[in-house]
Amino acid sequence: MGSIAEPWGISTESENANATPKGLSRELRHGKTAHNMSSSSLRKKSDLRLIQKVPCKTLKNVLSNLQEVILGTKLTVLFLAIPLAVIADYYHYGRPLIFGLSLIGLTPLAERVSFLTEQLAFYTGPTVGGLLNATCGNATELIIAILALAHNKVAVVKYSLLGSILSNLLLVLGSSLFCGGIANIRRDQRFDRKQADVNFFLLLMGLLCHLLPLLLKYAATGEASTSLINKMSLSLSRTSSIVMLIAYIAYLIFQLWTHRQLFEAQEDDEDDAYNDEVTVEETPVIGFWSGFAWLAGMTLVIALLSEYVVATIEDASDSWGLSVSFISIILLPIVGNAAEHAGAIIFAFKNKLDISLGVALGSATQISLFVVPLSVIVAWIMGIKMDLNFNILETSCLALAIIITAFTLQDGTSHYMKGLVLVLCYVIIAACFFVDQIPQPKGTGLGMQPKNSVGGGFVSA
Amino acid sequence: MAGIVPEQWSAAENGNATMTAKGSSRELRYGGRTAHSMSSSSLRKKSDLRVIQKVPYKGLKDFLSNLQEVILGTKLAILFPAIPAAIIGTYCGFSQPWIFGLSLLGLTPLAERVSFLTEQLAFYTGPTLGGLLNATCGNATELIIAILALTNHKVAVVKYSLLGSILSNLLLVLGTSLFCGGIKNLQREQRFDRKQADVNFFLLLMGLLCHLLPMLFGYVATGETSADLIADMSLNLSRASSIVMLISYIAYLVFQLFTHRQLFDAQDQDDAYNDDVTEEETAVIGFWSGFVWLVGMTLVIALLSEYVVATIEDASESWGLSVSFISIILLPIVGNAAEHAGAIIFAFKNKLDISLGVALGSATQIGLFVVPLTIIVAWIIGINMDLNFNLLETGSLALSIIITAFTLQDGTSHYMKGLVLLLCYIIIAICFFVDKLPQKQPNVIHLGHQVMNNVAAAVGEGVFSS
């Protein structure tokens, strides 16, 4: 395992790739999606020479394993924040400090989970690997959402998920297109729009699910009692969530089985640069069970840090003078998506827009049609009344973000102006939530209300 | 007449088609055949006239063969007994929900037959007049239901059923067609001509604008503006918009039938198509008998629509479904059943252009012809009906149009597109299913003009208080 001295080697893999027919893709073989290809750009060679000198074999294996997992990323230095956060919590340092440290600690973990799922995919085969990726790809967001639910902070859940979608659509995609456009200013920047289109139908469908409960509330007149409206909105949201999950399952079938070729368009331009860059680790560097154990352990650490984040978010908000909505919508997702973000930009620099798009749009779709409905259903099981009604400001930001991005990607080409507009849209939305000091949503955000009224969400009676 | 032509699928027709230049289309020659009527024709069957040939008396023979062509010429003929059943039910005092159900069933084959008859008449009137006839009668059922509901002062039912028709065409008919077509032709590329679809979307978006503006009036007005004033403004705007919408519809007809006919003929070019849809190339009934039949059918539709409109609230109460759900979801599913089946059949054959023509053409026709016509009819009979659908309904319409437009942007299709549209329809249906807001009920009950104004005022105020 650890004995592969040159993981970036051009030796075996590029020949291998050229030998396979186009239809049978790399993604098929290793369950690699654009998502983890992007993260993999942050990995670095681990130098195992030092460990080779350790005499005891078991110890050697443990150490090399540890090195692969912990030191295999350029973000390693951020791991230090994890013990610091734990210590800070233990000694009751300032809560804003704990919040900051936990956020920093989450950044490398998100990348490592993606690395581990990719490793496991080597053993489970492409289909299960793809499924694993489709589930764990946004594990951080899912864990934060569920923990915030457990704390009855429905507003934080809604905000952070919405923020994740916005950040993927506008910030990650925008900066990728912008950097890609600047770097390749003389070259034609093309991408396959079919893949992007599929994501947009699904995002628009998700938007419909958010819009209807919102409109239901506004359409009601004074005569309709608030509890009736909440009940309708809740049953609508729960049924819609089931429909959204069905759509997501259909999307997985579409992506992994019936129309795999659509999502492999980037493989067709068999240019060499691509093969060199992304086929970093073609053999598993850790074993199945150790990978599994690592994954479970990482998940626990993520859960711990998320717990800190959720518990200290209001204190951080108070002491930093930022509203909870701004922190949840803007800061949390920037940190949670940092690894993917960096990856998407790197691929855009190399004019591999298909991969950048796959990361940004795939992630947005996954959150919108998998994490959001799953949260609603988990809330249902836990007896919390969470509906799909984001507030009007948030829903319109989402609607415009989806529509602007969809229009931007209509013609299959890109230039830096497109990216710039998307980033500026994100800045405007961020400014909007920065100045938004309306106290009403904060009430639910503080989690002080009894369970029953939380269902009212943002529009309290 | 048609019985005399034993080989309707004949190769002669194919030869004929190949001889003509591509530009001069079959639609031109065979009387205003649009995707809409082609789709309905897939439900037709050859009638076997042998028994009738034995009848000695010639007048009777003609009459019988005519009857057989019209009544038995559809696969939906089995639903015709629902019509007398509904009438008998009314006289024998069946429970109202039963009459409602039977009338709905009876309307299904009638909608298809009207489309058949207009097509027959087009053989005599020539292509242009035929196209116009089709453009007017294509959604006759919806129009008649709307006008009857208007005369009963059920403005909400009118709005709901028209909106439901657009939604059902855009999401349900199109969604199932693309989905079934996608599953069936999984390994083949499914292409369509997006120019035709685009024209429909401009028009639908324009219709959306006309619905959006009067609604926004209510929201921009501040507390000082009296509700009467808002209702008045909204009404004037709606009436003016309706006239503009009708002008755009006329322009659309000119565009479709005269200047840019080739856009709408794209599907004529492959051969498989010629085999399938050129079933009846000669008129099977005479002009006057066709005309009489059409008038008769229209009367029967009017009768059944009257029953539907009169019994809708009772059905709503006894089934526990809201009037909005019945009008938006159930009515259009029944009214569009024939076109729906046709669109799916063509999608199975990978003829997406026809499926799209049916679904989008129908939606455009309702959005830009039936809706404004209804407003103008209401104006004439002195009812204050505006284009302001409610917030929820307008929102659903807007997103449906946008999603469908995005779906059809790239000229190809796969089952995922159909599935997403279908799921969107399901979500909207669920929304109206759970929607039990009491505010809409007063609109539906018999109300005079004065009361209608008050309701509009109440709605307007409710907006500010929420």
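The chains referred to below are lettered A, B, ... by the order of the sequence lines, with proteins before strands, and numbering in each begins at 1. These numbers come from the heavy atoms of this one structure, side chains and all, not from hydrogens, waters or symmetry mates.
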Report summary line: Distance col, row A:Met205:CE vs B:Ile426:CD1, nearest 0.5 angstrom, shows 8.5 Å
Report summary line: When the 4.5 angstrom heavy-atom criterion is applied to A:Phe200 and chain B, the contacting part is neither
Query - B:His414/A:Val198 under side-chain contact (heavy atoms from CB on, under 4.5 Å): CA gap, chis, key distance, verdict - result: CA-CA 10 Å; B:His414 43 68; A:Val198 178; 4.0 Å; yes
Report summary line: Looking only at heavy atoms, the pair that brings A:Ser240 and B:Ile427 closest together is OG-CG2, 3.9 Å
**Report entry** Closest heavy-atom pair and its distance - B:Tyr415, A:Ile253
**Finding:** OH-CG2, 3.9 Å
Report summary line: Here the gap from B:Phe432 atom CZ to A:Leu212 atom CG, rounded to the nearest 0.5 Å, amounts to 7.5 Å
Report summary line: Rounding to 0.5 Å, atoms CG (A:Leu204) and CD1 (B:Ile403) come to a distance of 5.0 Å
Report summary line: CG of A:Leu236 to SG of B:Cys431, rounded to nearest 0.5 Å, is 5.0 Å
Query raised in the report: Any side-chain heavy atom of A:Tyr218 within less than 4.5 Å of one from B:Asn390?
Result: no
Requested in this report: Could you check B:Phe406 against A:Phe407 for ring-ring contact (aromatic ring centres under 6.0 Å, His included), going step by step and ending with a plain yes or no?
Outcome: CA-CA 9 Å; B:Phe406 266 115; A:Phe407 267 113; 5.5 Å; yes
Query raised in the report: Which pair of heavy atoms, one from B:Val434 and one from A:Ser235, lies closest together, and at what distance?
Result: CG1-OG, 3.8 Å
Report task. Identify the heavy atoms of A:Ala219 and B:Leu391 that sit nearest to each other, and give their distance. Result -> N-CD2, 4.1 Å
Requested in this report: Report the distance from atom CG of B:Leu399 to atom CD1 of A:Ile403, rounding to the nearest 0.5 Å.
Outcome: 7.0 Å
Query - Student check: side-chain heavy atoms of B:Gln409 and A:Arg193 closer than 4.5 Å - result: yes
Query raised in the report: What part of B:Ile430 is in contact with chain A, defined as an atom under 4.5 angstrom from a non-hydrogen atom: side chain, backbone, both or neither?
Result: both
Report task. Supply the atom-to-atom distance B:Met416 CE to A:Tyr251 OH, rounded to the nearest 0.5 angstrom. Result -> 8.0 Å
Query - Toward chain A, the part of B:Ser400 with a non-hydrogen atom under 4.5 Å - result: neither
**Report entry** Residue, of A:Leu211, A:Asp197, A:Thr258, A:Leu202, that accumulates the most heavy atom pairs under 4.5 Å with chain B
**Finding:** A:Thr258
Report summary line: Cut-off 4.5 Å, heavy atoms of chain A, and the answer for B:Leu421 is neither
